Amino acid sequence: MSEEQIKNLEEQFEARIARDEKIEPKDWMPEKYRQTHIRQISQHAHSEIVGMLPEGNWITRAPSLRRKVALLAKVQDEAGHGLYLYSACETLGISRDELYEQLHSGKAKYSSIFNYPTVTWADIGAIGWLVDGAAIINQVPLCSTSFGPYARAMVRVCKEESFHQRQGYEIMLKLCNGTPEQKEMAQDALNRWWWPSLMMLGPTDDMSVHTEQSMKWKLKRKTNDELRQQFIDQTVPQADILGLTIPDSDLKWNEERQSYDFGEIDWDEFWQVVKGHGPMNNARMKARVGAWERGEWVRDAAMAHAEKQQERKNKQVV
Amino acid sequence: MKNKNLYNYILGIADNSLILGQRLGELCGHGPSLETDIACTNMSLDLLGQVRSYYQYAAKIAEDGRTEDDIAMLRKEREYFNVLLVEQPNTDFGYTMARQFLFDVYHFLMLTELEKSTDLNLSAIAKKSIKEVSYHKRFSSDWIKRLGDGTEESHSRIQTAINDLWTYTDELFHQTEADKVMVAEGVGVDVTKLKDAYYEEVNAILEEATLSVPESKYFQKGGKQGIHTEHMGYLLADLQYMQRTYPNMEW
Amino acid sequence: MSNKKNWPLWEVFVRSKNGLEHRHFGSLHAADAEMALENARDVYTRRNEGVSIWVVESKHITASNPEHNGELFEPAQDKVYRHPTFYDLPDDVKHM
């Protein structure tokens with residue numbers, strides 16, 4: 001194809017997206033669109049399955065049977081969401097195994113928030129409330145993103161996730177209405193998860209490299225800073241209901257902006273964790289790689305059995 | 001307690017599901033593939049759902065103000081009556097599936113009888129659980145066949161797991177004191193009568209999986225009397241952690 | 001990484017209730033058809049979404065090429081006589 005032809009195709013392609021048409025896997029697409037989508041969808045998928053680990057850490061220790069089944073179901077949903085997203089990514093011509101390989105080798109990123117440890121039960125509440133809360137803000141606009149398989153996966157994910165944040169908030173509510181020790185546990189969790197949750201919405205707009213292109217392709221509808229502001233504005237009143245204090249002395253309502261002003265985010269910490277030096281980066285990767293390697297003989301066995309069965313069937317036919 | 005035997009009888013059934021559900025829960029996020037992970041979590045959720053129905057019923061019978069969670073999480077090790085089989089660790093996926101399979105075959109047979117119980121609560125729980133357990137049995141049997149027939153490595157691993165866990169199968173068919181009373185009242189299942197059907201079914205699947213039926217005639221027992229293996233204490237430490245560390249709180 | 005074959009991809013179709021057609025729900029990996037069915041049940045019907053499942057290995061699906069969309073689908077656009085509104089009837093004619 002000549003350069004001019006490609007340029008022509010690209011223009012038509014961008015026009016389709018501008019008209020809100022969906023792009024499907026077999027449609028022509030610019031290579032950059034494909035690569036960007038592989039990167040973003042797989043990062044999203046990786047975040048789901050790495051995200052299973054910090055919460056999975058409390059499944060065996062959940063304080064009641066009701067909490068245990070809710071947490072199990074939630075972590076299981078995350079496996080499901082990872083699966084939907086890997087499937088969407090695979091339509092772009094890359095296999096799940098290759099995507100795993102990228103995760104395991106450290107080439108692919110996942111949401112940094114999961115590199116923080118869950119050290120008390122209240123962390124499970126805080127994750128549901130704050131981390132899922134921030135995730136929902138990010139995810140809802142993706143239900144109408146331009147790439148069909150991603151948009152469809154997100155519709156399913158958003159539908160299923162609706163209980164996740166409520167589950168977390170209910171845990172916090174129960175703690176805050178409990179004994180002073182329980183309330184302290186909730187406050188402690190908020191103290192530790194608040195700033196990482198704000199960081200989770202991504203670097204500030206002036207630092208963000210992908211925003212403009214992503215906006216055009218509807219991978220993003222709002223900038224990181226807009227999303228962060230939205231998150232803060234909706235979360236502060238929820239903290240008030242819990243009777244908890246947001247650990248930010250600069251946080252205050254700005255009448256003029258009709259929004260909260262907030263303090264400086266420690267971006268050094270953010271980049272340290274992104275670059276692999278957060279408290280749990282190492283442990284999370286070891287857990288993922290370990291599970292994959294320990295499972296290899298199982299996956300091979302299933303494949304070998306399937307092939308033998310097929311051979312037996314073929315012989316019967318002959 | 002007016003009906004201590006019924007209470008103990010319920011715990012004998014429920015504790016198996018609780019401990020096995022807890023073991024499966026440990027694996028969530030660590031399975032050999034996302035799909036298997038999701039499946040094992042489903043089984044765990046089924047079992048814990050059953051547990052809640054049993055304990056809620058037991059709490060009613062106990063009439064001492066204890067809740068399902070008190071019963072699930074605040075007993076001493078000696079007061080858990082699950083069989084030794086279900087508390088065995090997730091040594092590898094082979095052990096997990098072998099444990100599941102050896103229990104599922106029993107569980108299905110037991111529930112099929114329990115559905116006929118004159119106790120309507122137990123009968124109703126059994127009726128609902130049978131469908132779940134029927135699926136568990138299909139799932140674990142399929143995996144026994146895959147691993148047995150699959151590769152040399154998987155064959156050897158699953159055979160080792162079956163051999164190691166075999167010693168815990170006989171206990172499934174031991175009657176406790178509570179069992180005897182409940183059987184006489186038409187409430188309980190006479191597990192001794194399930195033994196032949198159990199081994200027949202287990203052996204047939206093992207054979208199909210090209211595995212050999214262990215010949216050992218030496219069996220372990222004790223779980224039903226509350227005397228557990230060394231693994232149990234650690235499992236309970238996890239299970240009871242919150243309730244023990246922060247007593248008398250609501251979550 | 002193992003140099004042996006990985007579990008192939010399967011497409012999952014679910015009938016959400018009797019009377020409706022099977023609809024494409026998504027895909028998953030499984031070593032064989034039984035496993036694909038079991039996995040589909042666990043992955044796609046956890047919330048009571050189905051009464052029947054079909055699975056088919058993705059490689060067995062033949063798909064039309066979007067580049068041929070013009071010749072495949074556009075010729076149907078002007079065949080308006082296939083639609084009831086093409087035919088003029090007086091308003092007095094009911095139930096037709």
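Here is how names work: the chains are called A, B, and so on, in the same order as the sequence lines, proteins then strands, and each is numbered from 1. What you see is a predicted model; the values in this text were computed from it and never measured.
- For a residue to count as touching a neighbouring chain, one of its non-hydrogen atoms must lie under 4.5 Å from one of that chain's; by this rule A:Ala62 touches chain B with the backbone only.
- A heavy-atom distance below 4.5 Å is found between the side chains of B:Leu239 and A:Lys68.
- In this structure, the portions of A:Ser64 lying under 4.5 Å from any heavy atom of chain B include both its backbone and its side chain.
- When all heavy atoms are compared, the tightest approach of A:Ala287 to B:His30 is CB-CE1, 4.4 Å.
- Of the inter-residue distances, the one linking B:Ser33 atom OG with A:Tyr100 atom OH reads 7.0 Å to the nearest 0.5 angstrom.
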Let me have the donor-acceptor pairs involving side chains of residues 50-60 of chain A, under 3.5 Å, with sequence neighbours excluded, atom names and distances please.
| from | atom 1 | to | atom 2 | distance (Å) |
| --- | --- | --- | --- | --- |
| A:Glu55 | OE1 | A:Lys74 | NZ | 3.0 |
| A:Glu55 | OE2 | A:Lys74 | NZ | 2.4 |
| A:Asn57 | OD1 | A:Arg61 | NH2 | 3.4 |
| A:Asn57 | ND2 | A:Thr118 | O | 3.1 |
| A:Asn57 | ND2 | A:Thr118 | OG1 | 2.9 |
| A:Trp58 | NE1 | A:Thr118 | O | 3.1 |
| A:Thr60 | OG1 | B:Asp238 | OD2 | 3.2 |

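- With a threshold of 4.5 angstrom between heavy atoms, A:Met185 approaches chain B through side-chain atoms but not through N, CA, C or O.
- Residues of residues 125-148 of chain B lying under 4.5 angstrom from chain A, judged on non-hydrogen atoms, are B:Trp143, B:Lys145, B:Arg146, B:Leu147 in numerical order.
- When heavy atoms are compared at a cutoff of 4.5 Å, B:Asp149 approaches chain A by way of both its backbone and its side chain.
- A heavy-atom distance below 4.5 Å is found between the side chains of A:Leu72 and B:Leu48.
- For chain B, the nearby part of A:Arg288 is the side chain; its heavy atoms alone come within less than 4.5 Å.
- The interface of residues 81-105 of chain B with chain A, defined by heavy-atom distances below 4.5 Å, comprises B:Asp92, B:Phe93, B:Gly94.
- In this structure, chain B has no heavy atom under 4.5 Å from any part of A:Glu78.
- With values rounded to the nearest 0.5 angstrom, A:Leu65 atom CG is found 6.5 Å from B:Arg52 atom CZ.
- Using a 4.0 Å cut-off between charged nitrogen and carboxylate oxygen, A:Arg299 and B:Glu35 do not count as a salt-bridge pair.
- At a threshold of 4.0 Å, the pair B:Asp69-A:Arg67 does not count as salt-bridged, since none of the basic side-chain nitrogens sits closer than that to a carboxylate oxygen.
- Within residues 80-92 of chain A, the residues that have a heavy atom under 4.5 Å from a heavy atom of chain B are A:Gly80, A:Gly82, A:Leu83, A:Tyr86, listed by number.
- For chain B, the nearby part of A:Leu175 is the side chain; its heavy atoms alone come within less than 4.5 Å.
- Here the CG-CD distance, from B:Leu34 to A:Gln76, works out to 11.0 Å after rounding to the nearest 0.5 Å.
- For the options A:Gln182, A:Arg294, A:Glu307, heavy-atom pairs under 4.5 Å to chain B are most numerous at A:Gln182.
- When all heavy atoms of A:Ala304 and B:Gly150 are compared, the pair lying nearest together is CB-O, 3.5 Å.
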